[in-house]
Amino acid sequence: RADGDRTIVTLSLGPNDSVFIRFPETSRFVPSDMIPERELNLDAGWAMVLSGMVEARPCQLRSWEATSELRDFSGTIEYRCEFECTESPTSAAIDLGLVEVVAEAWLNDRPLGVRLWCPYRFDVGGALRLGTNILRVNVSNLSFNAMQAEREEYGVQPIPGLSESEWKHVVEQGLCEDPQNRLPSGLIGPVRLMFCR
């Protein structure tokens with residue numbers, strides 16, 4: 001139902017039920033219990049820690065495929081952001097925006113949970129504090145990019161069990177992924193702290 005400039009959808013789902021709800025491109029999905037009154041953009045001030053690194057290094061929020069060093073990386077990278085909070089809200093949430101693929105988050109060393117799909121949003125009411133806050137997010141991608149790097153270096157090998165003619169058919173039909181292709185990965189954002197009703 002319409003409520004001013006918002007659309008409210010009530011769903012009753014049984015075990016393993018699912019539905020598709022399509023909103024216009026400009027719409028943002030926000031659960032009804034987390035309608036933001038104000039937002040704080042957290043896209044700046046991020047650092048990342050790669051496996052084997054002792055210290056974090058500054059980074060921009062973007063897909064790993066856009067960086068030559070991370071283009072072929074498959075695994076987990078830790079992101080860290082420090083931000084100031086000047087008010088004590090009754091309810092607040094962190095929305096990570098776009099994440100590829102899995103995100104696990106902590107605020108001030110308090111675990112917020114794991115998200116495997118949108119919305120990558122966490123209730124932070126109990127963890128958010130006045131003053132300095134530290135947000136950590138571990139992001140893991142699929143093994144696809146590392147496998148593509150190997151295929152690019154050593155060539156595309158036929159799928160075991162297929163005859164030569166079957167494999168030829170797979171290639172001709174475009175069912176074999178170009179080894180130069182990579183999937184988006186990482187914390188892409190935008191990241192927002194939402195002060196809610």
Side-chain angles (χ1 to χ4, degrees), residues 28-31 34 36 38-89 91-153 177 179-196:
R28 272 191 328 193
F29 172 78
V30 181
M34 286 192 170
R38 290 172 313 289
E39 296 180 357
L40 175 63
N41 187 304
L42 300 179
D43 276 346
W46 286 90
M48 67 167 47
V49 180
L50 296 167
S51 178
M53 286 178 57
V54 177
E55 295 184 6
R57 69 173 185 202
C59 70
Q60 292 181 331
L61 298 184
R62 61 181 178 176
S63 178
W64 301 345
E65 65 178 330
T67 307
S68 59
E69 179 186 7
L70 299 175
R71 179 176 180 262
D72 300 331
F73 179 80
S74 291
T76 301
I77 292 180
E78 180 183 299
Y79 292 84
R80 295 179 190 167
C81 177
E82 190 173 297
F83 64 92
E84 297 295 318
C85 180
T86 59
E87 58 185 288
S88 226
S91 179
I94 292 276
D95 189 315
L96 299 178
L98 180 59
V99 177
E100 297 290 351
V101 173
V102 180
E104 183 175 13
W106 296 262
L107 182 61
N108 301 319
D109 290 325
R110 179 174 173 172
L112 302 177
V114 179
R115 298 290 183 272
L116 306 173
W117 52 77
C118 290
Y120 290 88
R121 185 175 298 128
F122 303 90
D123 180 2
V124 296
L128 185 65
R129 61 189 179 207
L130 287 170
T132 302
N133 289 266
I134 298 174
L135 175 62
R136 291 188 301 120
V137 183
N138 281 1
V139 176
S140 304
N141 68 343
L142 302 174
S143 60
F144 180 85
N145 291 347
M147 293 171 59
Q148 285 291 87
E150 190 171 308
R151 295 173 79 225
E152 194 171 16
E153 183 175 352
E177 188 74 34
Q180 293 185 14
N181 292 347
R182 299 295 184 272
L183 291 176
S185 300
L187 177 57
I188 301 168
V191 179
R192 298 169 295 135
L193 172 61
M194 305 187 306
F195 298 102
C196 309

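Throughout, residue positions are numbered sequentially from 1 according to the sequence presented. In this text the structure is predicted, and so the values were computed from the model without any measurement.
One finds the CD atom of E152 at 9.5 Å from the CG atom of N181 (value rounded to the nearest 0.5 Å). Distance check, rounded to the nearest 0.5 Å: CG of L183 to CD of E65 gives 7.5 Å. Distance CG/L130 to OG1/T86: 8.0 Å, rounded to 0.5 Å. In this structure, the separation between CZ on R80 and CD1 on I134 is 8.5 Å, given to the nearest 0.5 Å. Interatomic distance, L187 CG to I77 CD1, rounded to the nearest 0.5 Å: 10.5 Å. Taking CD1 from I94 and CZ from R121, the interatomic distance works out to 11.5 Å, rounded to the nearest 0.5 Å.
Under a 3.5 Å cut-off, the side chain of N108 and the backbone N or O of R110 do not form any donor-acceptor pair. No donor-acceptor distance shorter than 3.5 angstrom exists from the side chain of S185 to the backbone of N141, with no hydrogens or angles considered. No donor-acceptor pair closer than 3.5 Å links the side chain of R129 to the backbone N or O of G126. For T76 (side chain) and S140 (main-chain N/O), no donor-acceptor pair under 3.5 Å exists by modelled atom type. Within the 3.5 Å criterion, the main-chain N or O of E104 finds no donor-acceptor partner in the side chain of N138. A donor-acceptor pair under 3.5 Å is absent between the side-chain atoms of R115 and the main chain of C118, judged by distance alone. The backbone N or O of E84 lies less than 3.5 Å from no partner atom in the side chain of N133, so there is not a single donor-acceptor pair. With hydrogens and angles ignored, the 3.5 Å screen pairs no side-chain donor or acceptor of D72 with any backbone N or O of A146.
Not counting sequence neighbours, the partners of A103 by the side-chain contact (heavy atoms from CB on, under 4.5 Å) test are L96, V99, Y120, V137. Every ring pair (Phe, Tyr, Trp, His ring centres under 6.0 Å) that F73 has, sequence neighbours left out, goes to W64.
Evaluation of the salt bridge (charged side-chain N to carboxylate O under 4.0 Å, His left out) test over residues 133-151, restricted to residues two or more places apart or in two chains, returns E78-R136, D109-R136.
Here the closest heavy-atom approach between residue P111 and residue W106 is recorded as CA-CD1, 3.4 Å.
Side-chain contact between T67 and R62 is present, with at least one heavy-atom pair separated by less than 4.5 Å.
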